Protein chains: 2
Amino acid sequence: MNESRLNLEDIAKKAGVSRSTVSRVINKEPYVSEKTRTRVMEIIEQESFRPNPAARMLVTQRTHIIGVVVPQISNVFFADNSYFPMLLQGTSSAINEHDHSMLLWLQQDGETRQEFSHRIARNRLMDGVVLCSIVESDPIVEAVLDIGLPFVTVERPLGFPGRPLDQFNYVTVDNIHAASMAVEHLIRLGRKHIAHISGHLAIADGQDRLLGYRQALTRAGMLIDENLIFPGFFTRESGYRGMKALLKHKPDAVFAGGDTTAQGAIQAIHEAGLRIPEDIAIVGFDDLDIATQTAPKLTTIRQPVQQKGMTAVSLLIDRIEERAHGPQRVLLPTELVIRQSCGAIPS
Amino acid sequence: MNESRLNLEDIAKKAGVSRSTVSRVINKEPYVSEKTRTRVMEIIEQESFRPNPAARMLVTQRTHIIGVVVPQISNVFFADNSYFPMLLQGTSSAINEHDHSMLLWLQQDGETRQEFSHRIARNRLMDGVVLCSIVESDPIVEAVLDIGLPFVTVERPLGFPGRPLDQFNYVTVDNIHAASMAVEHLIRLGRKHIAHISGHLAIADGQDRLLGYRQALTRAGMLIDENLIFPGFFTRESGYRGMKALLKHKPDAVFAGGDTTAQGAIQAIHEAGLRIPEDIAIVGFDDLDIATQTAPKLTTIRQPVQQKGMTAVSLLIDRIEERAHGPQRVLLPTELVIRQSCGAIPS
DNA sequence: TTGTACGCGTTATCAC
DNA sequence: GTGATAACGCGTACAA
């Protein structure tokens, strides 16, 4: 909102019609003659008039603003990988497509999740929010539920005691199945001691990938050695530390919960003087940019991160505009991308 | 804006006062007795009432929304490095501190800069914008100038024909001096054939770093070999290609326009079977996370990216609230961070 | 098909 | 100190 600008009344005067007619034209309502419509349009164009959004919000009770909430789980946003920038590209694209605007919420250093959720809930500017990296009993989810703000999570929601889980809308990938695919690839290649550096286990993605790892081993009749499971945080650093710890137990393969984690693990493997894939094979998850920049290039599970963002926004706007009612869940496809880190020949 | 909520009138009724008094309390205005103030405050707290921002905007002509505009120069945002996430952390933090909200604008794939600038200018939700990666005669800058939207650039602005440059507010670092520091470091270590892979030369940061490179060589009495200058784009890929091209001319050192660029260059150097720093020394710029993840670790120029974002927001809000009038320029400090990529012993 | 009149929830300007 | 009341700019029944 800057300086003094024209309003509906001014345009109406210039066009020789009433304010309501101009309003009808702008909102593409019926019952306006072609003649007046074009005349009004011309003036609007010529003055490059845009209705005052605040006035509009006030009367329609809609802001056309979508919030995107990014909690700071272990600094993943601002330094560790490109997952969130890609997700934002996705949400931004869809939000733009729907003629909305994107309000971005980043958790601050030293701000608790509780405080963060308060900050979001106090703001009344949004028609709905996209939530990611949610954890069990997440205060952010509780807060938006409390104030009745429509939301979609980019993640399977975890337990929320006392909350009807069937009202949650979300978009994600089948992490369990995808993780199984990764581990089965390693099994197929003859690996016997397959380790796992998990993602953040407070997050569904992390939990489900661990579960998929377990299932794949079990299905193959292999024993699960708890020593070969290291709980990480989706970060490079936890991948590095995890691998260092795992090396004591002589794994011949690792499934990392994310590409960034894999990157850290690769560094640890190299520092130990071991070769990839000869001594240790490794599979990642996400297929971020870095997957093609490691040496050797990383075999990984590709998930459509941008599309997750886009879909989340679509679901959200459908809900806001009440085009959709029941719970909406979308599972996007994943794909095993074979590169050089497992010794399989890329077909 | 969700469902039916309470308004000033409701609170007033519960407190047994008038709407105006409640308004005064909320806006911390004087001329309210302590007694009524606390009573009203209690009710506000208890009902967790928040004034309707739309109504507020309508009358105050202020939205308390700051836009942050990120053009997509060679995909830098969503895949190539952590510069923008860090910048966003900075803006977000300051915006939050000032009780504003952050509207994020990302240029879309396939969207021209012209279209992007239109999309931004059409939106009337912002009190001001932070602009980055601006180029010469940038349509985005032209657009915000045209509509009179307050803005601050995170970059020294380039020529804008017919525009009074002295009205531009910006925050940046002294790129020329910083680049000189980097090159002088290489000279001090005895390097004779120092190459430069530049950043994007349409952007001031890119231009100024190149200039600093030239100045340092000249001051040292060294000849400038144009063959040793490769025009890049701040991306890893341009660093990789640039280094491949430069290797033909046998440089013994490289100053890269950014850490990501340096990362690409390092890869090319290694692939050529050369050693760092023995055969080629390399200095980067930014001191991003990746600077400590290359092998060897990267000597680089540190610039305070988050602080750039924070400062930009402060300047902007000062301008919006008319606390500041003249042009405001802030130069943040840089620092040479010596690691292992030049052969100097970190002191 | 068009115009009138009211309401959305605040802040600001007056009186008192 | 406090309370009416007029804006702010738009959408929308309702009347014409």
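All figures in this text were calculated on a predicted structure; none of them were measured in a lab. Just so we're on the same page: letters track the sequence lines, and every chain starts at 1. Every heavy atom of this structure was used, including side-chain atoms; hydrogens, water molecules and symmetry mates were not.
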Checking all strands, does [X] fall into the base, sugar-phosphate, or nothing category for heavy-atom contacts under 4.0 angstrom?
X	answer
E29(A)	sugar-phosphate
S33(A)	sugar-phosphate
L8(A)	sugar-phosphate
T21(A)	sugar-phosphate

[X]: what forms a salt bridge (Lys or Arg N to Asp or Glu O under 4.0 Å) with it, not counting sequence neighbours?
X	answer
R19(A)	E9(A)
R119(A)	E111(A)
E29(A)	none

Value in whole Å for how far the [atom2] atom of [N] lies from [atom1] of [X]:
X	N	atom1	atom2	answer
N52(A)	dA7(D)	CG	P	17 Å
E9(A)	dG11(D)	CD	P	13 Å
Q61(A)	dG11(D)	CD	P	14 Å
R62(A)	dT12(D)	CZ	P	12 Å
R24(A)	dG11(D)	CZ	P	11 Å
K13(A)	dC10(D)	NZ	P	13 Å

Side-chain donor/acceptor contact of R19(A) with base of dG11(D) under 3.5 Å: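 Answer is yes: a donor-acceptor pair is held.
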
Confirm from the modelled atom types if R37(B) and dG1(D) form a donor-acceptor pair under 3.5 Å, side chain to base only.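 By the distance-only test, no, there is no pair.
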
To the side chain of L58(B), which of dC14(D), dG3(D), dC8(D) is closest?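 So the nucleotide nearest the side chain must be dC8(D).
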
Can you check whether S18(B) has a side-chain N or O nearer than 4.0 Å to OP1 or OP2 of dA4(D)?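 No, because none of the side-chain N or O atoms of S18(B) sits under 4.0 Å from OP1 or OP2 of dA4(D).
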
At less than 4.0 Å, is any side-chain N or O atom of N27(A) found next to OP1 or OP2 of dG11(D)? Yes or no.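 Yes, because at least one side-chain N or O of N27(A) sits under 4.0 Å from OP1 or OP2 of dG11(D).
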
Who pairs with Y83(B) by ring pair (Phe, Tyr, Trp, His ring centres under 6.0 Å), at least two apart in sequence or on another chain?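 Once residues adjacent in sequence are excluded, Y83(B) has no partner under the ring pair (Phe, Tyr, Trp, His ring centres under 6.0 Å) criterion.
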
Less than 3.5 Å apart, any donor N or O on the side chain of S93(A) or Q306(A) sitting next to an acceptor on the other?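 Note: S93(A) and Q306(A) side chains miss the donor-acceptor criterion.
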
Between which nucleotides of DNA chain C, 5' to 3', does chain A make heavy-atom contacts below 4.0 Å?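 Reading along DNA chain C, I get dT1(C) to dG9(C).
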
For DNA chain D, whose closest nucleotide is more 5', that of V59(B) or that of V32(B)?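 In this pair, the answer is V32(B).
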
Any side-chain hydrogen bond (donor to acceptor under 3.5 Å, both in side chains) pairs touching residues 41-51 of chain B, not counting sequence neighbours?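 Not a single pair qualifies under side-chain hydrogen bond (donor to acceptor under 3.5 Å, both in side chains).
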
Can you tell me how the ring of H64(B) sits relative to the ring of H100(B), calling it parallel under 30°, perpendicular over 60° and tilted otherwise?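 Rings of H64(B) and H100(B): tilted, 30 to 60°.
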
